[in-house]
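Because only heavy atoms are used, hydrogens play no part in the values below, and waters and symmetry mates are left out as well, while side chains stay in. Just so you know, ligand 1 is whichever comes first in the structure, and atom 1 is the first atom listed for that ligand. For this chain, numbers begin at 1 and follow the sequence in order.
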Amino acid sequence: MTELMDASADFTASCPLPIGNYPHVLLAHGGGGRLMQQLIDGVFGPAFANPALDERHDGAHLTLGGKGLAFTTDSYVVRPLFFPGGDIGAMAVNGTVNDLAMCGARPRWLSAGFILEEGLPMATLQRVVASMRTAAAAAGVEIVTGDTKVVDKGKGDGLFITTAGLGVIESPGRIGPGQVRLGDVVLLSGDVGRHGMAIMSVREGLEFDSPIESDCAPLVTPVMALLDAGVKVSCLRDLTRGGLVAALNEIADASGLQIDIVESAVPVIEPVRGACEILGFDPLYVANEGRFVAFVSPDTAELALTVLQRTLPDTRPARIGEVVTGRPGLVTLRSAIGATRILDLLSGEQLPRIC
Ligand code: MG
């Protein structure tokens, strides 16, 4: 028995998942798919269980002195460090800002931890830090505390960043997977697949007629606009690793409801669709860094779509489906010819180290 298996023995006693099938961590355990779910269900969840964590949302809802706070953290290991439309610094700020926004919170303060590899050009670090400064200003947050560690050459792959964030909850009601109700309408804030294909094009040296840029962006403005307009928001989730399908599966699973999506309603720009076809990817599974799904009550769905179209004029927000009676935890896709298929989680990510 390995140390990991011994250490996990206490926790797996209450968890039926066969974590022991993988005595070592695989790259796919960080991919946002089935294996990462198993890691959370089998190792982290049982070890740290508490009401805030068990909600399985993008950040923890906390109450302090009568005030609702959202708290979240994320690490960034993307390769390459710079890509069309963004870089690791912008992602490290926007990713944490967006997880706070998904809790219905206005992001306020961030921490930044840097793990630097000996030999990293100082100019590279300065470029990343400048990008973080710009992204923080754009999202209305301050980086108020941080940490730096340096590891030996060859043991850090340049630069890793961990950010944590605190935000103040502004939604009148709770926003999270537990609030999703039968009949809720699913809205998508824009076209999917740009981030994954932007990274892929750099990594593989692919050249397309029109270069694909990452969608990396803060989502505070559209979320606050939904709340200000009085939209009844049940749940929000930003689409990152595992794409639209991973986000929908997580919510279907956590809410115990079925989600039905209309394939033709999901916007995908032509260069992304073309790149996906060439490379054999399904855009619904490809990573994003500036898109989210909103589950809203049917009576405010029309209003919500109008708000998204006003605040995101360039991304083609759309109504893509609804929460239906059916099998708990299932996500289904209806095609143009009326066929229905199940959108299941992949075991890992199509592209490792995408964020
Ligand atoms: Mg998230």
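- Its N, O or S atom nearest to the Mg ion (ligand 1) is what matters here, and for D238 that atom is OD1.
- Other residues, nucleotides and ligands contribute over 12 non-hydrogen atoms within 6.0 Å of the CZ atom of R56.
- Between the side chains of T163 and D74, no donor-acceptor pair of N or O atoms lies under 3.5 Å.
- D58 contributes atom OD1 as its closest N/O/S atom to the Mg ion (ligand 1).
- Put simply, the side chain of P317 does not reach to within 4.5 Å of the side chain of L187, judged on heavy atoms.
- Residue-environment remark: CZ (R203) exceeds the threshold of 12 foreign heavy atoms within 6.0 Å.
- If you look at D99 and ask which of its N, O or S atoms sits nearest the Mg ion (ligand 1), the answer is OD1.
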